[in-house]
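Every chain is numbered from 1, with letters handed out A, B, ... down the list of sequences.
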Amino acid sequence: MRWLSSIGEAFYNAWIPEKRYLAYLSGLRMTLLISLFAVMIGILIGILIAVTRVSARHSKSPLVHFLDQFARLYVTVIRGTPMIVQILIIYNLVFTSPNTNPVVVGAVCCGINSGAYVAEIIRAGIESIPIGQMEAGRSLGLSYRTTMTSIILPQAIRNILPALGNEFISLIKETSVISIIAVNDLTKMAGYVGSRTWDVIPPYVIAALFYLAMTLGLSKALGAVEKYLAKGQRK
Amino acid sequence: MSLIETRNLKKSFGDHEVLSGISQHIEKGEKVVILGPSGSGKSTFLRCLNLLEEPTSGDVIFEGKKINAPKVDIDSVRQKMGMVFQQFNLFPMKTVRQNITLAPVRLRKMTQDEADERAEELLKRIGLPDKADAYPGELSGGQQQRIAIARALAMSPDLMLFDEPTSALDPEMVGEVLTIMRELAEDGMTMVVVTHEMGFAREVGSRVLFIDQGIVAEENTPDEFFNDPQNPRLRDFLSKVL
């Protein structure tokens with residue numbers, strides 16, 4: 001355990017010489033960008049899939065039921081296979097050009113993965129609202145859409161939000177998998193530093209601290225949002 | 001012309017036939033009370049009237065128009081039929097006032113000011129004038145159900161459907177809800193009421209139906225219905241509940 005005796009020096013080497021901290025920061029920037037766009041793609045896909053699945057329950061349209069079958073397949077496949085395998089398939093299937101933007105690659109891969117989980121979170125949130133709420137709205141003459149948007153969804157959001165926050169936190173962590181397809185994210189950059197210093201543990205510990213800071217920051221922010229939403233809340 | 005009419009109404013859930021052909025005319029101003037053992041199909045019949053359940057076959061005709069047909073705008077039909085549920089189904093995130101005014105305002109029947117005024121009026125009528133800003137969760141079951149009635153009345157419906165409105169209430173709260181319903185009946189509202197309240201059926205009903213095994217097994221004026229039941233199953237039912 002050589003590094004343990006000279007722990008301060010090892011971290012110094014992993015951070016200062018050759019402005020190595022800039023490597024982490026560029027990796028951090030990449031991870032943040034990928035996470036941000038992946039969340040947006042995930043929410044977009046998630047809403048589309050959830051809307052399809054929820055409306056299939058009452059719709060008679062064959063198109064909606066076809067889309068529902070597709071949505072089920074998507075959710076099953078994404079949730080039932082490892083993200084790393086999904087990334088390797090999507091990357092080699094779609095992004096074969098050498099000049100593809102790494103942010104796009106990472107965001108699309110992670111977003112497609114996250115969408116399945118977001119869809120299930122939204123669907124479960126909507127279905128947790130008692131059927132009587134929909135019936136009450138419809139019995140007053142409100143349309144399905146109006147009842148959904150002005151009565152069901154505001155109630156469902158409260159159930160959805162905490163779970164969605166957890167999903168985003170795990171998404172930030174899981175973007176690290178993207179480093180296997182040569183995207184220079186935080187994990188990858190820590191690896192580069194390690195290959196220069198011949199000591200991989202300090203850079204990975206530094207990367208871990210960055211991830212921890214991001215996830216802690218996000219969970220604090222989500223906690224504040226939840227508190228804010230709970231303010232006007234009564235039973 | 002009847003206000004609402006069913007013709008050979010049938011409803012199945014999978015292989016299980018719940019309604020086996022019900023033909024009924026309900027006239028304007030009538031108060032029809034539906035009794036029957038649980039599982040007999042009486043709630044399903046009521047829910048078919050505003051198409052919360054879609055009939056498997058047969059017709060529902062409201063104000064002269066068949067409403068269980070494609071291309072019928074069911075939302076505008078439902079605006080004329082209020083419904084009160086066993087579980088109240090008030091909107092928990094909205095205040096009492098918002099519960100009452102939501103539909104009239106969203107459906108552009110009234111401005112928010114007009115609807116607020118109407119809500120005040122209705123709340124006074126049901127004896128809860130000071131609850132406009134309360135949330136449903138803060139109110140008792142009886143109060144919630146009275147507000148659910150007010151919410152339905154805010155749309156000025158031609159017909160009111162009641163699906164066991166007192167079954168989920170503590171016994172001491174049943175009376176306050178029945179009182180509101182009685183007053184509504186005296187005002188001339190057309191009402192179809194599924195209930196287990198025999199006293200209400202006898203006093204308020206203009207006609208009582210006994211639904212059993214998916215058909216109307218007996219119908220009569222309350223006097224005849226309770227004092228001289230013909231159907232043996234009705235006799236058996238009444239001997240258990242009276």
Engineer: Which one wins on heavy-atom pair count under 4.5 Å against chain A: B:M83, B:Q87, B:R106, B:M155?
Structural biologist: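 Winner by heavy-atom pair count: B:R106.
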
Engineer: A side-chain contact here means heavy atoms from C-beta on lying under 4.5 Å apart; do B:D75 and A:R138 qualify?
Structural biologist: yes

Engineer: How long is the gap from CD on A:E135 to CG on B:N50, to the nearest 0.5 Å?
Structural biologist: 9.0 Å

Engineer: What's the spacing between A:S143 OG and B:L107 CG if we round to 0.5 Å?
Structural biologist: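 Interatomic distance, A:S143 OG to B:L107 CG, rounded to 0.5 Å: 8.0 Å.
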
Engineer: Under 4.5 Å, counting heavy-atom pairs only, tell me which of A:G141, A:S139, A:G137 racks up the most with chain B.
Structural biologist: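 Option with the top pair count is A:G141.
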
Engineer: Of all heavy-atom pairs between A:Q133 and B:P92, which one has the smallest distance, and what is that distance?
Structural biologist: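 Minimum heavy-atom separation between A:Q133 and B:P92: OE1-CD, 3.4 Å.
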
Engineer: Could you look at B:F85 and say if it's the side chain, the backbone, both or neither that has a heavy atom under 4.5 Å from chain A?
Structural biologist: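 For B:F85, the contact with chain A is made by the side chain alone.
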
Engineer: Non-hydrogen atoms of chain A under 4.5 Å away: do they reach the side chain of B:E53, the backbone, both or neither?
Structural biologist: neither

Engineer: Measuring heavy-atom distances to chain A, does B:R47 have an atom under 4.5 Å in its side chain, in its backbone, in both, or in neither?
Structural biologist: side chain

Engineer: For atom CZ of A:R29, decide whether the heavy atoms of other residues, nucleotides or ligands shown that lie under 6.0 angstrom number more than 12.
Structural biologist: no

Engineer: For residues A:A136 and B:R151, report the shortest heavy-atom separation together with the two atoms involved.
Structural biologist: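 In this case the closest contact between A:A136 and B:R151 is CB-NH2, 3.5 Å.
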
Engineer: Do other residues, nucleotides or ligands put more than 12 heavy atoms under 6.0 Å from the CD atom of B:E117?
Structural biologist: no

Engineer: I need the B:F91 CZ to A:T147 OG1 distance, nearest 0.5 Å.
Structural biologist: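 The distance works out to 7.0 Å.
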
Engineer: Write out all pairs satisfying side-chain hydrogen bond (donor to acceptor under 3.5 Å, both in side chains) with one or both partners inside residues 80-89 of chain A, taking only residues at least two apart or from two chains.
Structural biologist: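 Pairs touching residues 80-89 of chain A that pass the test: A:T81-A:Q86, A:Q86-A:N113.
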
Engineer: Is there side-chain contact between B:L102 and A:L142, with at least one heavy-atom pair below 4.5 Å?
Structural biologist: yes

Engineer: Does anything in residues 157-164 of chain B reach chain A? List residues with heavy atoms under 4.5 Å apart, or say none.
Structural biologist: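 Hits under 4.5 Å: none found.
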
Engineer: If I measure from the heavy atoms of chain B, does A:S150 come under 4.5 Å with its side chain, its backbone, both, or neither?
Structural biologist: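 Both the backbone and the side chain of A:S150 come within 4.5 Å of chain B.
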
Engineer: Should the heavy atoms of other residues, nucleotides or ligands under 6.0 Å from NZ of B:K66 be counted, would the total exceed 12?
Structural biologist: yes

Engineer: Below 4.5 Å from any heavy atom of chain A, which atoms of B:K94 appear? Answer side chain, backbone, both or neither.
Structural biologist: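 For B:K94, the side chain is the part near chain A, not the backbone.
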
